[in-house]
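Presented below is the structure to which this report refers.
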Amino acid sequence: MRNTKHVAQAATPEQGSLFLCWQSARLVARHRSGSYAVVELATEREIPGEPGQFLMARTECGPPLPRPLSLLWTDGNRCAFLVKDEGLLRARLAEAPRGTLCEVRGPYGLAYRKTIDPGRRYLLVGGGSGIAPLDFFARRHPELVEATVFGLRCAADAAVLPERTVLVEELGQGTAGARALDMWRPGLGIIACGPEAMYRQLAAGLPGDRGVYVALEERMGCGYGACQGCVVGTRDGPVRLCKDGPLMPLESVQW
Amino acid sequence: MVSVGVNCLGRSFANPVVLASGPAGFGLELKPFFLRRPLGALTTKTITREPRSGNPPPRLVDAPAGALNSIGLANPGLEAFLADVLPEIRELSTVRIVSFAASDPSEAEVMAGRLGEASGVDLLEVNLSCPNVEGRPPACERGTAWEMVRAASDATSVPLLAKLAPDVSDVVEIAEGVLEAGASGLTLINAVRGLRINRDTGRPALARRWGGLSGAAILPVALAKVFQVREAFPEVPIVGTGGVTELGSLLEMLMAGADLVGLGLGVMADPEVPWKLAQELEAWLSRRDIDDCSEIIGCAHRGGLGVGETR
Ligand SMILES: Cc1cc2nc3c(=O)[nH]c(=O)nc-3n(C[C@H](O)[C@H](O)[C@H](O)COP(=O)(O)OP(=O)(O)OC[C@H]3O[C@@H](n4cnc5c(N)ncnc54)[C@H](O)[C@@H]3O)c2cc1C
Ligand SMILES: Cc1cc2nc3c(=O)[nH]c(=O)nc-3n(C[C@H](O)[C@H](O)[C@H](O)COP(=O)(O)O)c2cc1C
C-alpha cells in the first residue's frame, strides 16, 4: 500500500511547522463575474505556494471541515483563489465584503511540476474553478506550456479572468475538452483540471499516450496527509490526494 | 509550579492531552510539534492484521458542529506497520498507544502478542467500536467484547485499553465485561453512528451510507458515558474522547472523570490544537491556583472544584 511508503516522507523539523498552523487572512480584493469570483487575501505570513498546491480555508463560523482551495497565484503575503459562488465556504468568500477575515493554512499537495514529466510541453486544459491552478502554472512555467485551453459556461463567467482567452460554451465555442482533443498531437502532454466528464472525454479521445495528467478532487479532512479522508484507489494502490496528489497520471486513474 | 502531568496505566504522561486514534494518522505529520513541546500520548490509526484500503469515497461529510467519517480502518496492516511505521513513531518522544482491531479473538491474540513484544509500544488499545466496518462492532455486546479483550490481554503484558462504542444501551455493562476480561483502562467513546442525505441526489451523502459522527456535536454524549463509567468504576483509568476541541470542553472532560483526554476531529481541523490545549490547561490551573491537574480529574463526582480531597 502506498501509504506506508509515504510515511517515511513525513514532515521534518527542518521543514518547519508553519504550513500546519492557521493564520488569519483578510479579504483585500474581490472580482466577481457570473457565478465565479477571484478572491484576493492578505495573509500574516508568506505562503510559499506553487502551481497545483492548495490551502485549507475556513471562516470563524465554519464550515467544520476546512475546505481545499487551489492557489490562483501567490506573491509574498498576498494570494488569490478562483471560487464558484456555491457551497458554504465558497459562497461566503464570493460574497464577503472587503475586510472580511478568514483563516488559511498550507500550502499542501504536490506542485504540478513535481508530478509531471519535465521533458514535455503541455496543453493546460481547465474547466470551472479547475482553471485556477493551470492559470498559475502558465504564469510560473511558460516554458512548459504549449497552450491554455480553458472553458466556462457563459460570457459572464469568462469575464472573471479578463486577461485569459476562455471558451464560452454558451456561445457555441465548444468545451475545453473537445478543443484540447483537436489541438493535441503526439508527444504533447496534457495537464487537466476540471469536471470528471472532461477527463473521460480526454481519456476516450486520446491514444494511450503517457504524459496526460488529471487533477482529482475528493472531500478533504486534514489536508496534511494524516486522516485518510481523501484517499482514492488508483492502479498503483490507494493514494492520499492531499499529499500525493491532487495531480495523477491519467493511466493510473480508476474510473 | 503547576503540574499537568498524569500518572496512570503504569505510565507517566506529560499532560492529559492525547491524540485519538485515526484523524492524526500515525502522528508523523505532526512531528514538528512533538519536537517543540511535550504531549501526553499519541494513539496510532487502528491497525488490522491485513492491510485495508478502507471505504470508497466520499468518506467525509460535514455535520452541524462536527463531521461524519467512513474511513473504514484504512491502514497498512500489521506487518507493514511493524516494519515501516513503528520505527518512525519510536522517534516521537511521547507515550505511544498502538490501536488495533481484530475480526475474532484468535486474531486479537495474535495482534496483541505481536504488537506487545515490539519495542516502542507503550500501551495497546483494542478498538472494539469502529462504526465503519462490516458487521456489528464487538463493543455492542458484552460477551463478544469480553472474548476479544480476554484473548488480547492474555497475549501480552502491555496494559490494554478497550475502546468502547457510544451506540449501546448500557455502556457500564460493556465496561464491566471488558474490565473483567483484563482491560487496564477504557477509551470512551468512538464516533457515534450517523447519516446524512445529499439533497441534490436524494441519496446518502457518504458512499458507505453510514458514518461516525465526531466533533463538538458529540461532546455531551461522550461526557455522559465518561461520567457514568467513572461513577461505576472510580479507580479505572479513562481516556475521555469525543467532541473536545477547545479548553472548555477539555476541562469538562477531565472534570467528568477522564484521566486523559483524546482529540480526534479537533486535530484534523487544527493540527496545532493538542499542544495549544496542553498549554492553556496549565495556564488555567495556575490562574485558579490549582497545583495539580489531578485535583480537577473527576471533581464532578466529588461535589465540584475545591470540595473534598484530591484523588
Ligand atoms: C485540491 C482541491 C482544490 C480545490 N480548489 C478549488 C478552487 O480553487 N476553487 C473552487 O471553487 N473549488 C475548489 N475545490 C473544490 C472545493 O474545495 C469543494 O467543492 C468544497 O466542498 C467547497 O466547499 P464549500 O463549503 O464552498 O461547498 P460545500 O458546502 O462543500 O458544497 C460543495 C457542493 O456540495 C453541495 N453540498 C454540500 N453539502 C450538501 C448536502 N448536505 N446535500 C447536498 N449537497 C450538498 C453544495 O451544494 C455544493 O454543490 C478544490 C478541491 C480540491 C480537492
Ligand atoms: C477521520 C477519522 C478517523 C478515525 N479513525 C479511527 C480509528 O482508526 N480507530 C479508532 O478507534 N477511532 C477512530 N476515529 C474515532 C476517534 O478516535 C474518536 O473516538 C472520535 O472521532 C470522537 O472524538 P472527536 O469528537 O474528538 O473526533 C476516527 C475519527 C475520525 C474523525
Side-chain angles (χ1 to χ4, degrees), chain A residues 1-23 56-58 61-68 86-89 103 105-106 108 216-234 236-243 254, chain B residues 19 22-36 45 51-77 80-81 83-85 87-89 205-206 214-217 245 264-265 267-273 275-276:
Chain A
M1 173 154 163
R2 239 174 113 171
N3 297 323
T4 46
K5 191 173 99 201
H6 287 270
V7 154
Q9 299 173 4
T12 61
E14 303 83 66
Q15 284 172 297
S17 57
L18 287 179
F19 73 104
L20 292 168
C21 301
W22 287 103
Q23 57 172 314
M56 297 301 275
R58 68 179 184 191
C61 18
L65 292 171
R67 305 291 201 242
E86 62 167 29
L88 277 170
L89 180 76
E103 288 185 301
R105 57 175 168 83
Y108 303 110
L216 299 184
E217 186 179 329
E218 207 35 79
R219 301 268 173 90
M220 286 186 178
C222 66
Y224 55 85
C227 79
Q228 309 244 28
C230 64
V231 170
V232 296
T234 72
D236 307 315
V239 163
R240 293 169 296 179
L241 288 185
C242 71
K243 192 129 182 174
Q254 281 173 321
Chain B
L19 297 180
F26 296 117
L28 299 173
E29 280 76 19
L30 304 179
K31 199 169 175 177
F33 297 129
F34 277 107
L35 289 172
R36 253 192 288 158
K45 175 73 190 169
R52 287 178 59 98
S53 52
N55 292 319
R59 296 172 167 191
L60 291 169
V61 63
D62 280 339
L68 290 180
N69 87 82
S70 66
I71 308 292
L73 300 188
N75 80 91
F81 172 78
D84 304 333
V85 185
E88 303 258 341
I89 299 176
L206 295 173
S214 28
T245 54
L265 196 69
V267 185
M268 222 160 111
D270 184 352
E272 210 183 354
V273 86
W275 287 269
K276 277 194 217 154

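A quick note: this is a predicted structure, and the numbers were derived from the prediction, not measured. Chain naming here is simple, since letters A, B, ... match the order of the sequence lines and numbering starts at 1 in each.
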Tell me, which pairs form a side chain to side chain donor-acceptor pair (under 3.5 Å) where one or both residues lie in residues 54-66 of chain B, sequence neighbours left out?
A:R67-B:D62
In Å, rounded to the nearest 0.5 Å, how long is the span from CZ of B:F34 to CG of B:L28?
8.5 Å
Per-residue tally against chain A (heavy atom, under 4.5 Å) across B:V273, B:V267, B:D270 peaks at B:D270
Indicate yes or no: does A:R105 engage B:E272 in a salt bridge with an N to O separation below 4.0 Å.
no
Is there a ring pair (Phe, Tyr, Trp, His ring centres under 6.0 Å) between B:F81 and B:F26 once you walk through the steps?
CA-CA 10 Å; B:F81 172 78; B:F26 296 117; 5.7 Å; yes
With only heavy atoms counted, which part of A:M220 is less than 4.5 Å from chain B, the side chain, the backbone, both or neither?
backbone
Need one label for B:V61: side chain, backbone, both or neither, based on atoms under 4.5 Å from any heavy atom in chain A.
both
Could you pull out every donor-acceptor pair under 3.5 Å between side chains of residues 64-72 of chain B and any protein atom, sequence neighbours left out?
residue: B:N69; atom: OD1; partner: B:I71; partner atom: N; Å: 3.2
residue: B:N69; atom: OD1; partner: B:N132; partner atom: ND2; Å: 3.2

Greatest number of non-hydrogen atom pairs under 4.5 angstrom with chain A, of B:A269, B:P57, B:P58, B:G22, falls to B:A269
If you tally heavy-atom pairs under 4.5 Å between each of B:A217, B:A63, B:G25 and chain A, the highest tally belongs to B:G25
